[in-house]
Amino acid sequence: MMAHMSKFWLMKSEPGVYSIEDLKKDGNTHWEGVRNYQARNLMRDEMKVGDAVLFYHSNATPTGVAGLARVSREAYPDFTCWDSQSRYFDPKSTESEPRWVMVDIEFVEAFDRIVTLEEIRTESALSSMPLVNRSRLSVQPVTRKEFEMIVQMGRNG
DNA sequence: GCCAACGTTGGC
DNA sequence: GCCAACGTTGGC
């Protein structure tokens with residue numbers, strides 16, 4: 001038996017689709033549309049209510065961590081995969097055997113400034129984050145040290 | 001908009 | 001089970 005260890009995550013969103021400001025307005029949202037097995041497994045097997053999330057803006061100017069969120073509901077089936085009108089529709093996922101899951105997250109704070117990918121790359125204490133060398137993984141584990149450092153950078157301008 | 005990296009699919 | 005073709009992500 002192992003205690004739940006990893007309490008820190010980074011989750012990517014294109015701000016044109018859903019930004020930290022959208023989350024601030026909504027307060028809470030379901031994280032639909034993850035269609036990558038590794039990311040799914042992390043959400044399904046590892047994420048717990050209360051875990052802290054770095055909210056990352058991808059495909060943005062600038063790209064980087066924009067704020068904080070918190071896991072508010074553990075993994076459950078991603079219903080958008082059953083909706084043929086959805087961009088996330090997946091005909092291989094059935095209601096009896098859902099292939100994809102989502103979690104819910106709630107807004108915590110928007111940073112004073114974006115902590116950019118460029119800064120993260122050049123900061124040696126952060127350069128081993130998956131963000132830097134596994135750039136396509138949309139849900140990533142983050143260590144406490146990395147998390148705290150990025151929060152401090154985001155708050156201190 | 002381009003394109004490199006990389007994940008997924010499907011034929012064999 | 002391999003691997004070529006294809007599709008997607010995401011930085012720039």
Side-chain angles (χ1 to χ4, degrees), chain A residues 6 8-26 29-47 51-71 75-105 107-143 145-147 149-157:
Chain A
S6 184
F8 304 94
W9 305 96
L10 179 145
M11 297 172 87
K12 294 180 187 175
S13 184
E14 298 187 27
V17 177
Y18 198 85
S19 70
I20 189 75
E21 292 304 319
D22 292 320
L23 182 60
K24 183 176 186 176
K25 180 156 43 82
D26 294 344
T29 195
H30 49 256
W31 201 258
E32 81 270 19
V34 171
R35 296 292 180 270
N36 168 282
Y37 289 104
Q38 199 179 351
R40 178 203 66 182
N41 294 348
L42 289 170
M43 291 199 298
R44 187 189 60 192
D45 304 334
E46 308 281 342
M47 276 194 182
D51 282 4
V53 176
L54 298 170
F55 193 108
Y56 180 87
H57 283 175
S58 62
N59 265 314
T61 310
T63 153
V65 180
L68 300 180
R70 185 186 298 119
V71 176
Y76 59 105
D78 180 343
F79 51 78
T80 63
C81 65
W82 300 321
D83 174 5
S84 62
Q85 302 308 305
S86 170
R87 64 177 288 210
Y88 301 123
F89 177 60
D90 180 357
K92 291 175 183 160
S93 182
T94 63
E95 302 220 11
S96 56
E97 278 186 78
R99 175 175 294 206
W100 305 111
V101 302
M102 56 185 162
V103 297
D104 287 358
I105 64 170
F107 176 78
V108 174
E109 71 177 78
F111 285 163
D112 299 327
R113 67 180 191 91
I114 304 280
V115 179
T116 66
L117 177 60
E118 189 182 11
E119 289 174 81
I120 291 169
R121 275 223 179 89
T122 52
E123 171 55 60
S124 62
L126 301 175
S127 61
S128 61
M129 290 180 70
L131 193 61
V132 176
N133 39 36
R134 297 279 331 279
S135 63
R136 294 187 54 189
L137 190 59
S138 63
V139 175
Q140 315 186 345
V142 173
T143 68
K145 274 178 77 173
E146 291 161 348
F147 180 86
M149 186 164 191
I150 288 173
V151 169
Q152 194 174 11
M153 291 161 81
R155 285 174 181 163
N156 290 345

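Note on naming: letters A, B, ... go to the chains in the order of the sequence lines (proteins, then strands), and numbering restarts at 1 for each one. Just so you know, these numbers use all the heavy atoms, side chains as well, and skip hydrogens, waters and symmetry mates. Only a predicted model underlies this, so the values are computations on that prediction, with no experimental measurement involved.
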With the threshold set at under 4.0 Å for non-hydrogen atoms, list the residues of residues 12-20 of chain A touching DNA chain B in residue-number order. none
Determine the minimum heavy-atom distance between A/Thr80 and A/Gly33, stating which atoms define it. OG1-N, 4.3 Å
Can you check ring-ring contact (aromatic ring centres under 6.0 Å, His included) on A/Tyr37 and A/Trp100, steps first, answer last? CA-CA 8 Å; A/Tyr37 289 104; A/Trp100 305 111; 4.8 Å; yes
C/dT9 P sits how many Å from A/Leu10 CG, rounded? 16 Å
Report the distance from atom CE of A/Met11 to atom C1' of C/dT9, rounded to the nearest whole Å. 16 Å
Separation of C/dG11 P from A/Met129 CE (nearest whole Å): 12 Å
Restricting to salt bridge (Lys or Arg N to Asp or Glu O under 4.0 Å), what partner residues turn up for A/Glu109, sequence neighbours left out? A/Arg155
Once salt bridge (Lys or Arg N to Asp or Glu O under 4.0 Å) is applied, do any residues pair with A/Lys25, and if so which ones, sequence neighbours excluded? A/Asp22
Could you tell me which residues satisfy side chain to side chain contact (heavy atoms under 4.5 Å, CB included) with A/Lys24, sequence neighbours excluded, listed by chain and number? A/Glu21, A/Phe107
Reading 5' to 3' through nucleotides 1-8 of chain B, protein heavy-atom contacts under 4.0 Å coded B for base, S for sugar-phosphate only, - for none: ----BBSS
To check you understand the geometry: which heavy-atom pair defines the closest contact between A/Gln140 and A/Pro130, and what is its length? OE1-CB, 3.2 Å
Distance check needed: C/dG11 P versus A/Leu137 CG, whole Å only. 13 Å
Which nucleotide wins on minimum distance to the side chain of A/Arg121, given the candidates C/dG10, C/dC12, B/dT9? C/dC12
Taking all atoms of both residues into account, what is the closest heavy-atom pair of A/Phe89 and A/Asp83, and its distance? CB-O, 3.1 Å
Looking at residues at least two apart in the chain, or sitting in another chain, which of them share a salt bridge (Lys or Arg N to Asp or Glu O under 4.0 Å) with A/Arg40? none
Just how far, in rounded Å, is P of C/dT9 from NE2 of A/His57? 17 Å
